[in-house]
Amino acid sequence: MKLVAEFKIHHRQVLGPGGDLVAALPEFARDSGEILRMYRAMTQVRVFDAKAVNLQRTGQLGTYPSCLGHEAAHIGIGAAMRAEDVLAPVYREFGTQLWRGVTMTEILTYWGGDECGNDFAVPRDDFAWCVPIATQTLHAAGAAMAFKVRKEPRCALAYIGDGGTSEGTFYEALNLAGARALPVVFVIVNNGWAISVPVAAQTAAQTLAQKAVAAGIPGVQVDGNDVFAVRDVVGEALERARRGGGPALIEALTYRLSDHTTADDASRYRCAQEVKDAWKVEPLLRIRSFLVNAGVWDDAKEQALLEECAVKVDAAVSEYLARPKPVTDAMFDHLFASLPAHLHEQRRLARKYASKPSGH
Amino acid sequence: MKLVAEFKIHHRQVLGPGGDLVAALPEFARDSGEILRMYRAMTQVRVFDAKAVNLQRTGQLGTYPSCLGHEAAHIGIGAAMRAEDVLAPVYREFGTQLWRGVTMTEILTYWGGDECGNDFAVPRDDFAWCVPIATQTLHAAGAAMAFKVRKEPRCALAYIGDGGTSEGTFYEALNLAGARALPVVFVIVNNGWAISVPVAAQTAAQTLAQKAVAAGIPGVQVDGNDVFAVRDVVGEALERARRGGGPALIEALTYRLSDHTTADDASRYRCAQEVKDAWKVEPLLRIRSFLVNAGVWDDAKEQALLEECAVKVDAAVSEYLARPKPVTDAMFDHLFASLPAHLHEQRRLARKYASKPSGH
Amino acid sequence: MVEAIALAHGWEMQHDVNVVVIGQDVGANGGVFRATAGLQERFGVDRVQDTPLAEATIAGMSVGMATHGLKPVAEIQFMGFLYPALDQIVNHMSRMRNRTRGRLSCPVVIRMPHGGGIHAPEHHSESTETMLCHIPGIRVVCPSSPARAYGLLLAAIRDPDPVMFLEPVRLYRAMRQEVNDDGRALPLDVCFILREGSDVTIVTWGAMTIETLRAATLLGERGISAEVIDLATLSPIDIETILASVAKTGRLVIVHEAARNVGVGAEIAALVAERGLYDLQAPIQRVAGFDTIMPLFKLEHDYIPGVQRIIDAVELTCAD
Amino acid sequence: MVEAIALAHGWEMQHDVNVVVIGQDVGANGGVFRATAGLQERFGVDRVQDTPLAEATIAGMSVGMATHGLKPVAEIQFMGFLYPALDQIVNHMSRMRNRTRGRLSCPVVIRMPHGGGIHAPEHHSESTETMLCHIPGIRVVCPSSPARAYGLLLAAIRDPDPVMFLEPVRLYRAMRQEVNDDGRALPLDVCFILREGSDVTIVTWGAMTIETLRAATLLGERGISAEVIDLATLSPIDIETILASVAKTGRLVIVHEAARNVGVGAEIAALVAERGLYDLQAPIQRVAGFDTIMPLFKLEHDYIPGVQRIIDAVELTCAD
Ligand SMILES: Cc1ncc(C[n+]2csc(CCOP(=O)(O)OP(=O)(O)O)c2C)c(N)n1
Ligand SMILES: Cc1ncc(C[n+]2csc(CCOP(=O)(O)OP(=O)(O)O)c2C)c(N)n1
Ligand SMILES: [Mg+2]
Ligand SMILES: [Mg+2]
């Protein structure tokens with residue numbers, strides 16, 4: 001039999017679990033100010049996340065999908081993107097979003113049951129959270145198509161989960177992006193689980209990065225708990241895409257340290273030991289160790305940072321809790337650019353039966 | 001970067017375009033009776049196909065998708081399958097179907113606008129033609145799941161076109177089959193075109209066989225104009241699947257020598273030279289050359305065979321043309337196992353307005 | 001109601017080895033609403049299978065399983081995630097029997113949570129039964145109590161043709177009722193009269209039966225006697241029962257959570273306007289979801305019709 | 001009609017550089033019905049793009065293109081192949097503006113052939129507009145002549161929100177008419193009165209306007225004066241025009257090709273039963289496709305309502 005094609009999947013790591021270097025530092029990481037900026041952001045995410053879970057538990061927020069353990073992936077990607085690029089998140093990517101300018105108040109507003117949370121003041125062109133799994137990958141490809149047709153030097157980046165890679169839509173997006181050499185990067189956050197289904201039950205593929213092969217585009221694995229490696233690999237892919245080099249697929253290996261959402265109880269389907277082991281390689285630990293080893297971080301600074309983060313979170317929570325219930329008109333006023341005739345009557349009816357006075 | 005996975009795609013060929021052997025003959029091809037049986041079937045398909053196109057041109061058949069050039073793939077696959085296996089065809093796989101026992105009359109009946117053509121007397125368990133691209137791949141996987149759960153030693157085989165590999169459903173079927181190690185084989189008939197879209201515009205993948213990598217299953221290319229290679233590769237995959245070895249994806253490289261269907265005019269989008277070149281490597285030519293070289297075939301036999309085929313086709317056409325128009329009750333009587341109350345009135349109404357007397 | 005659904009699964013799997021449960025998280029997790037809790041332990045991983053995260057897969061593999069000897073009972077995690085499965089449902093499942101003239105058929109049940117009202121996230125509160133009811137060749141069923149969920153689900157699984165089984169999320173936990181686990185099915189294709197009355201007929205289904213019955217009670221106190229009909233099988237519609245009721249009451253109000261425009265309520269109104277016009281003493285009223293997107297949960301109870309809206313509609317009808 | 005559609009594309013692409021045509025075989029081949037013939041030569045491969053063979057891709061990429069500066073006009077090759085695109089249409093395209101509170105929006109047109117009657121293969125003759133009309137946040141439009149196809153397509157492309165544009169295949173070639181290529185749009189959201197009359201109102205759309213107008217002529221000869229209304233925008237429905245007509249005629253017949261059960265005709269009947277009941281002098285009649293699968297072509301004209309069925313329904317109504 002004649003060999004007609006050959007493919008290799010590589011894995012990238014810079015920082016070991018103990019903060020030790022296992023490869024050369026990428027350029028950006030030579031600047032300890034930049035590293036600190038990333039570490040602070042990762043910490044902010046974690047503090048926010050814990051608070052959000054707590055708000056749900058106390059009945060002050062709806063179902064909430066924690067991002068505990070995803071901080072390196074989120075901040076690495078945020079830092080690799082440019083402001084003018086466009087993010088297509090799933091529902092869990094609070095880290096990247098905060099880095100890009102989405103506010104904690106906006107996040108809470110949306111997960112508190114109000115569409116206004118999707119109306120980001122910054123970044124205006126990013127997509128909103130996307131609950132129907134995998135659909136966002138085509139939006140990113142479409143936006144990338146717009147950039148290509150309009151000759152704008154921008155990229156789109158779509159997130160997807162390990163479970164999400166089973167949806168046909170995901171492959172369609174990869175294939176479209178490959179066939180038209182679109183400036184888009186797809187990042188699979190492989191956190192081991194799709195609700196209760198482990199990745200091994202999701203697919204027979206040994207790696208998720210190899211799904212790129214189906215679309216004839218580059219695929220690479222990265223240690224998703226290693227913020228240096230993530231930023232490096234994603235940055236490279238974005239730069240190539242921006243220069244017309246086409247799309248890429250990146251699999252970031254991490255772990256969902258939390259339940260799937262606050263509506264889930266992971267103890268029903270996964271063993272405690274696995275979670276315990278995952279805590280040993282979690283993302284904040286290793287960059288903190290790196291910073292401590294480098295002599296630029298200590299307990300006092302850590303304490304100060306945690307307090308600073310908590311203050312910001314509290315301010316956002318107050319702002320969120322102070323928001324009034326949306327008025328019933330909100331159901332109608334953004335449906336179309338201008339309200340069709342037949343909906344005027346329904347809008348009036350909704351006002352009449354509004355469950356609480358809503359300002360009309 | 002650490003290498004974590006590696007994949008190779010191979011291409012299999014046995015017969016060269018001139019009928020010369022480029023690899024060792026597979027076991028089955030040592031029996032010239034068996035080879036003749038395949039050649040006769042391929043010829044029968046081609047004679048039937050030409051007649052069907054002709055019937056359409058003369059207003060005696062609906063739109064018809066010619067399989068000109070696909071005979072080696074079709075008969076190779078037909079011969080590799082067992083009677084108890086299940087075929088999920090697209091719309092063009094008349095060769096495999098005839099081999100398995102579908103009659104020419106049934107084919108004409110369906111493409112003549114009557115669902116009765118789907119009610120194969122043999123093989124009862126095969127799926128009917130499938131027009132919505134790629135959907136049949138999941139049916140095959142589902143049937144394979146049934147075989148697995150019910151512990152029946154059977155396999156399913158799904159066809160798909162090169163264009164069809166762009167549909168998300170196709171990847172979902174591959175992934176499901178891989179994840180559950182189902183006894184199913186997928187064959188991509190890469191005939192270069194999806195209506196007017198060439199395969200290079202469909203995907204950036206260098207081969208279509210490599211789409212298997214996304215699902216973690218074996219993928220292989222085969223010369224689809226080489227009936228020996230096709231039967232060999234497909235037979236191997238089916239046997240492995242039957243023994244519990246899981247699914248496979250096979251890309252058969254061939255060429256659509258005809259228009260897409262009788263409703264298409266390929267001269268609008270593809271150049272004459274390409275078609276001319278393809279005729280030089282077409283499937284009947286090479287096995288006929290092989291048989292002539294082996295001294296078991298000559299012009300007289302060829303002439304006799306063609307006549308024999310034409311007689312069979314004419315008989316089928318007569319039978320088809322003699323079929324009465326279906327009665328309007330046919331629209332109702334197979335919708336459910338038993339007709340719900342509200343449809344009785346509609347059935348009566350349909351009889352009343354039947355465009356031609358329909359026996360009621 | 002969720003326990004009743006699990007019971008019905010268990011009974012039928014026990015009595016028919018070809019019944020196989022598939023879906024996302026239906027195995028170890030027992031379903032995100034626990035409707036398949038305990039089944040995998042009891043019947044094994046071959047008969048209670050977690051599928052990959054892919055709805056077209058769930059529907060498409062169901063077709064292949066059903067045509068080849070199994071009876072899949074599939075769960076779609078929420079109705080808002082049904083759409084990738086529609087191609088398989090519309091183009092194959094619903095017409096397999098018809099297009100093969102009876103040679104192959106699809107005894108499949110697809111279950112899915114239906115509607116809102118439980119503070120769920122975006123896309124988790126849809127009630128787009130219209131899209132299913134319009135499709136010939138499938139049945140659409142929506143129970144309104146644990147007992148009806150049990151009996152109708154058994155009927156759906158035993159039916160030789162595809163059934164879409166919509167489970168109102170508001171009833172999953174809100175409604176508790178002892179269910180007799182005796183394997184008795186309830187009939188498909190017929191309405192259930194939940195309350196007899198003489199002044200007005202109210203037709204509804206699923207979770208809206210709760211608000212409707214509450215409204216009927218309050219109306220009764222005000223001297224209006226409402227007959228409440230649970231449609232139960234949304235397609236095909238048992239119009240005879242409804243026409244008989246309207247012949248008696250002379251008035252018709254239809255209540256549903258789904259958007260009004262081309263809702264199933266429209267079909268009921270149209271049928272009565274065709275076949276019962278002369279019985280009508282007042283215009284038909286539809287009390288339905290607005291023709292807007294189901295809002296996030298802060299406004300969901302401003303979207304779902306409430307008791308007062310139903311009462312007002314009935315009183316308006318009765319004033320005529 | 002197909003030339004009128006190509007003209008409208010050409011005009012708008014010439015005048016708005018952000019209009020981009022995508023779909024299967026829309027490029028070199030000019031569309032399987034030739035509705036985009038010549039556009040790729042004229043506007044290049046960036047603005048007239050063949051997509052991979054994937055309908056979810058077509059809809060999903062349209063969402064991303066539209067939110068980021070383009071105005072995609074997408075072709076789905078046949079309505080029976082729309083279903084894989086529904087997830088993107090229902091869950092995103094229709095609600096992008098609403099869910100982002102106006103921050104992002106989807107000025108997209110999705111065109112698709114609609115209905116049967118041209119001896120096409122299986123799955124090529126669907127008319128499932130109900131599934132689209134029920135979805136809030138999108139418009140559904142169906143022209144009934146070359147001039148209306150031209151004017152309504154221009155309006156659809158210029159509309160800032162998503163429009164599903166259904167093109168009746170029976171009219172593609174059957175109907176020829178000089179179209180003034182002047183870039184003038186026709187209004188959306190309104191009906192067109194094709195024929196004035198005083199005895200009965202007949203509402204229809206798309207290809208069924210042909211049979212309906214023919215029936216109206218024959219009815220006229222028998223002394224029944226039928227007003228024929230082309231619905232044109234199937235969602236939202238211009239009910240005021242219909243109610244005004246029914247107020248005048250006192251009788252309503254609705255004609256459509258789609259299956260009757262939960263068809264768009266049901267909504268029209270329901271609206272009239274709610275708001276025009278006292279104008280009705282006879283029961284409403286729906287003349288529609290049967291609640292069966294659209295058959296293969298040997299029986300398609302036994303499925304699609306014919307002139308005689310329309311005449312009989314009108315005469316029945318008028319006899320009341
Ligand atoms: C189309 C669709 N199907 C089902 C769901 C329900 N659901 C929400 S999250 C989830 C699992 C997702 O897993 P993964 O992609 O690995 O992402 P993760 O939650 O781990 O970040 C499922 C099944 C959904 N949101 N959308
Ligand atoms: C879902 C769907 N979309 C579009 C079509 C229209 N269509 C019919 S055949 C075809 C091209 C198929 O190409 P390929 O898969 O390569 O198969 P081939 O015709 O070459 O055998 C298209 C687009 C369809 N039948 N189904
Ligand atoms: Mg995951
Ligand atoms: Mg092809």
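Quick note: numbers below take in every heavy atom, side chains included, and nothing from hydrogens, waters or symmetry partners. In what follows, chains carry the letters A, B, and so on, assigned in the order in which the sequence lines appear, proteins first and then strands, with residues in each chain numbered from 1.
With values rounded to the nearest 0.5 angstrom, D:Thr67 atom OG1 is found 8.0 Å from A:His139 atom NE2. Note: A:Phe336 CZ to D:Ser105 OG = 12.5 Å, rounded to the nearest 0.5 Å.
For D:Pro52, the parts lying under 4.5 angstrom from a heavy atom of chain A are both the backbone and the side chain. With a threshold of 4.5 angstrom between heavy atoms, D:Asn18 approaches chain A through side-chain atoms but not through N, CA, C or O. Contact of A:Arg124 with chain D is made through backbone and side chain together, with heavy-atom distances under 4.5 Å. A:Tyr110 touches chain D through its side chain: at least one heavy atom from C-beta onward sits under 4.5 Å away, while N, CA, C and O do not. Within the 4.5 angstrom heavy-atom criterion, no atom of D:Ser62 approaches chain A. Neither the backbone nor the side chain of A:Val131 has a heavy atom closer than 4.5 Å to any heavy atom of chain D. No part of D:Val17 comes within reach of chain A, as not one of its non-hydrogen atoms sits under 4.5 angstrom from that chain. Of the atoms belonging to D:Glu240, not a single heavy atom falls under 4.5 Å from chain A.
Ranked by heavy-atom pairs under 4.5 Å with chain D, the list A:Ser338, A:Ala88, A:Pro132 is led by A:Pro132. Each of D:Asp159, D:Ile237, D:Ile138 has some count of heavy-atom pairs under 4.5 Å with chain A, and the biggest count is that of D:Ile138. Note: A:Ala330 leads A:Ala330, A:Ala173, A:Ala141, A:Ala140 in heavy-atom pairs under 4.5 Å with chain D. Between chain D and the residues A:Asp125, A:Leu343, A:Leu138, the most heavy-atom pairs under 4.5 angstrom are made by A:Leu138.
D:Leu104 and A:Asp126 get closest at one heavy-atom pair: CD1-O, 3.6 Å. When every heavy atom of D:Gly69 is checked against every heavy atom of A:Arg150, the shortest pair comes out as O-NH1, 2.9 Å. Closest approach of D:Asp161 to A:Ala337, counting heavy atoms only: OD2-N, 2.7 Å. Between D:Leu70 and A:Ala146, the shortest heavy-atom distance links the atoms CD1-CA, 3.6 Å. Across all non-hydrogen atoms, the minimal contact from D:His92 to A:Thr135 is NE2-OG1, 2.8 Å. D:Ala54 and A:Glu172 make their closest contact through CB-OE1, 3.4 Å (heavy atoms, listed as atom of the first residue, atom of the second, distance).
Counting heavy-atom neighbours within 6.0 Å of D:Arg42 CZ, excluding the residue itself, gives a total above 12. Heavy atoms of other residues, nucleotides or ligands lying less than 6.0 angstrom from CD of D:Glu41 number 12 at most.
If you look at D:His68 and A:Phe127, their ring centroids are closer than 6.0 Å.
Two residues are said to be in side-chain contact when any heavy atoms from C-beta on lie closer than 4.5 Å; A:Met145 and D:Asp46 fail this criterion. D:Thr57 is listed as a side-chain neighbour of A:Leu176, based on a closest heavy-atom distance under 4.5 Å.
For the pair D:Arg95 (side chain) and A:Leu335 (backbone), a donor-acceptor distance under 3.5 Å is absent.
If you run salt bridge (Lys or Arg N to Asp or Glu O under 4.0 Å) between A:Glu115 and each of D:Arg103, D:Arg99, D:Arg101, D:Arg97, only D:Arg101 comes through.
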